[in-house]
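Here is the structure we will look at.
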Number of protein chains: 2
Amino acid sequence: MPQLKSKGHCLSCPVRHRSIFSDLPENLLNESLEGFETSVMVYEEDEIIFKQNANSSESVYTLRKGLIKICKSLPDGRIQIMRVLVPGCLFGIDGFVGENYNHTARALTDCEVCRLPLGGLSKLRRKHPEIDHAILSRFVKNLRQTEDMLLELGAKKAPEKLATYILRLSQSFAANGLKLSSDGLNLSSKEEWHSLPLSRSEIGSLLGLTIETVSRFFSDWKRKGFIKESKGNIQILDAKGLKEVACIDESCGK
Amino acid sequence: MPQLKSKGHCLSCPVRHRSIFSDLPENLLNESLEGFETSVMVYEEDEIIFKQNANSSESVYTLRKGLIKICKSLPDGRIQIMRVLVPGCLFGIDGFVGENYNHTARALTDCEVCRLPLGGLSKLRRKHPEIDHAILSRFVKNLRQTEDMLLELGAKKAPEKLATYILRLSQSFAANGLKLSSDGLNLSSKEEWHSLPLSRSEIGSLLGLTIETVSRFFSDWKRKGFIKESKGNIQILDAKGLKEVACIDESCGK
DNA sequence: CGACCGATTGACTATTTTCAAGTGGTGTGG
DNA sequence: CCACACCACTTGAAAATAGTCAATCGGTCG
C-alpha cells in the first residue's frame, strides 16, 4: 500500500530543478507556493500508482525518487511499456482534462511521488507563466518521445530496436550525470557502466519482442565484443558497431 | 508549391466548431480576434507542409479541408505514418516550444490549412482560458492516441492491427457524421460504406506491415464475408467477426 | 491499344516466436 | 555448510509469422 510520507516542501525538494517549477526564481517559490499543498507518497517496487481506465484523480504527479514504468495492456494480458519515468517527470496528466487514465503507472523500484492538486496548480499556472510553459513543454517532449517510440516499434527490426535502446539508455545516463543506479553500486564513471533498469522481459515488453529474442541478441553482441554485462550492469564496448546495427544515422543500411 | 488563398476569417471558418476556438462565444470571436491575422494556405496532394528536423516556424496550424498524414522516417528511407489528421486538427505544435519538427506533415489529398501566428495566439490564450484549455486538451488527446498506436504496433499481430484499423476507421466516420469521402461519392449512409483514405501501402506504413500482408488479409476477409470493397470504398459486413480478430474487447483470445 | 499503377497472388525466404530444456546465481531451511 | 528451490536468463530446435521477389490482374488514362 502506498504510504503518505510527508507534506511536500518545494524549497527543499530534491528534484525541484528538474520539475515544472525549475524556472521559478527561488525567492518567488516561497511566497507563491503559499497554500499549495502537495504531499509525498511512497510506493514499493511493483505497486501501482494508477491504473489504465481508472478515473483520474484531482491531482497530477511528479516523480521524486526511483523509476516508474508507464504501460498499456490488451484485454488478453499482453503488455506494452510506453516509457520509463525518471525523477523530475510529470505524469498522470489525464487528470488535466478529466479523462480516465490511458495507461497504468507502476513502480519499477521503490519510489517517492509528489502529488500536486490540480486546483492549486492551475492557480499557480495563471500567476506564473513559466510554470505554464514548463508544462506545455513537457507535453510536447512527451509526445515527441512517444512518436519516436512509434517509429522504433513500427519500422525497425529486432536487432535495430535493441541496439537503439542500449545506445539511448547510455545517452540518457550521460545526460543525467551518469548515475541512476538502482542498487547503489559504485562504478567508475570512466568505464561507463550503466545499470539496466529493466529486466529482459521488460525490455521485450518495451520493444515489442519476446524475452528470448532480447536474450539472443545480447548474447550475440557479447560474443562479438559489442557489450559486456555483469550483475545487471551493462557496458558498451563498441558504440560504433552498435550504431551500425541500430539504424540511427546515415551508416544505416551498412 | 503551397499557395496563399486568403486571410482567415474565424467567424466564417468552416471548421471553427471543431477548432481550438470552438468554445469561444460567437460575440467574443469578433472583437477578440481583432489583430489576430491568420492565413489560409492551399496544398496539393502530396505536398509537404513541413519536414521532420526542419526548424519550426512561428506558427501553428489547423487543418481546414482535406487530409494530412504525419510521418517519421528512418535514415534509410523506411517510413512510419504516425497518424492522419482530419479537418479541425491542430498541428505543428513543435513550434510552441521552438523545437525542430519531430515529423513530416504531408497532404494526403488537396488541402486547406490555416496558419496561426504564435505571437497572436499566445495573447489570445492569455485573454481566453477556453482556448488554453482547448489546446491542452488537444495535446493530451494527441498523446493518448499516439500511446494507443504504440500498443497496436508493439503488442499486436498483423491481422489484429488490420482489423482494429478498419473498425476504428469506421468508428471515426460515424463520429464525424459519416462523411469524409475524398472523392465526393455519395453513398447511402444506411449501408455504411467508408472511403479508405489510405492506399494499401500507406496502411502498411501506418501499421508496420508490408503492402502484401495488408492485401492478403483484406482478400482473406473478403472471401470470408467480413468486408466488401469497391472503388476505394469499404464496407464492414461482419463487425463481430472483425472484433474477434482485432483483440479489442474481452472476446480477445477467441 | 498500350503503358502505367495499384493491388493481388504464389512460391520462397527470413525473422521472430514458441516450446522445452538447461544454466547459474541467490536465498532458505535443515 | 550443503541441499534445494526459485527465478531470471540462456540456448536449441521446431513452428509460425511476416517479408521478399516475381508474375499477374484490372482499371485508368493518354
Side-chain angles (χ1 to χ4, degrees), chain A residues 45-46 74 76-80 108-109 152-163 165-166 182-183 185 195-224 227-234 245 247 253-254, chain B residues 45-46 74 76-80 108-109 152-166 182-183 185 195-224 226-234 245 247 253-254:
Chain A
E45 178 174 339
D46 232 47
L74 252 28
D76 69 351
R78 279 174 282 179
I79 291 173
Q80 177 67 37
L108 211 46
T109 65
E152 292 294 313
L153 291 190
K156 284 192 181 174
K157 304 205 215 165
E160 296 168 334
K161 292 177 184 176
L162 268 168
Y165 172 68
I166 301 181
S182 53
D183 53 2
L185 274 183
S195 77
L196 271 175
L198 301 180
S199 70
R200 295 288 188 269
S201 113
E202 284 166 329
I203 295 173
S205 176
L206 179 75
L207 302 178
L209 303 171
T210 58
I211 177 173
E212 293 96 333
T213 303
V214 175
S215 184
R216 275 184 240 278
F217 284 106
F218 276 15
S219 301
D220 191 31
W221 294 338
K222 282 175 202 165
R223 279 187 290 265
K224 286 184 178 149
I227 57 173
K228 230 164 106 179
E229 196 186 17
S230 83
K231 305 226 184 189
N233 289 67
I234 200 166
V245 176
C247 195
K254 219 173 330 160
Chain B
E45 178 173 339
D46 232 45
L74 252 28
D76 69 350
R78 280 174 282 179
I79 290 174
Q80 177 67 37
L108 211 47
T109 64
E152 292 293 313
L153 291 190
K156 283 192 179 174
K157 304 205 219 170
E160 296 168 334
K161 292 177 184 178
L162 268 168
T164 307
Y165 172 68
I166 302 182
S182 52
D183 54 0
L185 273 182
S195 78
L196 270 176
L198 301 180
S199 69
R200 295 288 188 269
S201 115
E202 284 166 330
I203 295 173
S205 176
L206 179 75
L207 302 178
L209 302 171
T210 57
I211 177 174
E212 291 96 334
T213 301
V214 175
S215 185
R216 276 185 240 276
F217 283 106
F218 276 14
S219 300
D220 190 31
W221 294 339
K222 281 174 203 166
R223 279 187 290 266
K224 286 184 177 149
F226 286 6
I227 57 173
K228 229 164 106 178
E229 197 185 16
S230 83
K231 305 225 185 190
N233 289 67
I234 200 166
V245 175
C247 194
K254 220 174 334 158

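Quick caveat, the model's predicted, so the values are computed rather than measured. Order of the sequence lines fixes the chain letters, A, B, ..., with proteins taken first and strands second; residue numbering starts at 1 for each chain. Both backbone and side-chain heavy atoms feed into the values below; hydrogens, waters and symmetry mates do not.
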Given side-chain contact (heavy atoms from CB on, under 4.5 Å), test L207(A) with E152(A) step by step and report yes or no. CA-CA 8 Å; L207(A) 302 178; E152(A) 292 294 313; 5.7 Å; no
Mind checking if T213(A) touches a base, just sugar-phosphate, or nothing, with heavy atoms under 4.0 Å? base
Nearest-Å distance for atom pair CG/P, residues L209(A) and dA18(D): 14 Å
Quick check for you: to the nearest 0.5 Å, what is the distance between I234(A) atom CD1 and E229(A) atom CD? 5.0 Å
Nearest to the side chain of E212(B) - dC9(D), dT11(D), dC21(D)? dC21(D)
Gap between atoms CZ and C1', on R78(B) and dG19(D) respectively (whole Å): 12 Å
Taking CG from L162(B) and C1' from dA18(D), how many angstroms apart are they, rounded to a whole number? 12 Å
For a quick check of understanding: with a heavy-atom distance under 4.0 Å over all strands, which category does G208(A) fall into, base, sugar-phosphate or nothing? sugar-phosphate
Heavy atoms of chain A, cut-off under 4.0 Å: which first and last nucleotide of DNA chain C, 5' to 3', fall inside that, if you could look? dT16(C) to dC19(C)
Main chain of S201(A), side chain of S205(A): is a donor-acceptor contact present, judged purely on distance under 3.5 Å? no
Whole-Å distance between dA18(D) C1' and I211(B) CD1? 15 Å
Please state whether the phosphate of dT11(D), meaning OP1 or OP2, lies under 4.0 angstrom from any side-chain nitrogen or oxygen of S219(A). yes
Could you tell me if the side chain of L162(A) sits less than 4.5 Å from the side chain of I203(A), heavy atoms only? yes
Distance, rounded to the nearest Å, where E229(B) contributes CD and dG26(D) contributes C1': 13 Å
Backbone of I211(B) reached by a side-chain donor or acceptor of S215(B) within 3.5 Å: no
Regarding K222(B), tell me which of base, sugar-phosphate or nothing describes its non-hydrogen contacts under 4.0 Å with the strands shown. sugar-phosphate
Before giving the answer on side-chain contact (heavy atoms from CB on, under 4.5 Å), spell out for V245(A) and W221(A) the whole-Å C-alpha distance, their side-chain angles and the decisive distance to 0.1 Å. CA-CA 11 Å; V245(A) 176; W221(A) 294 338; 3.8 Å; yes
Between the first and last five pairs of the helix from dC1(C)-dG30(D) to dG30(C)-dC1(D), the angle of the axes, rounded to 10 degrees: 20°
According to side-chain contact (heavy atoms from CB on, under 4.5 Å), who are the partners of E202(B), at least two apart in sequence or on a separate chain? K69(B), I81(B), L108(B), L198(B), S199(B)
How close or far is atom C1' of dC7(D) from atom CD of E202(A), stated in whole angstroms? 14 Å
Nearest heavy atom decides the nucleotide; on that basis, is R216(A) or K157(A) closer to the 5' end of DNA chain D? R216(A)
In Å, rounded to the nearest 0.5 Å, how long is the span from NZ of K156(B) to CG of D76(A)? 9.5 Å
How long is the line joining CD of E160(A) and C1' of dG19(D), in whole Å? 14 Å
Between K156(B) (NZ) and dA18(D) (P), how many Å, whole number? 13 Å
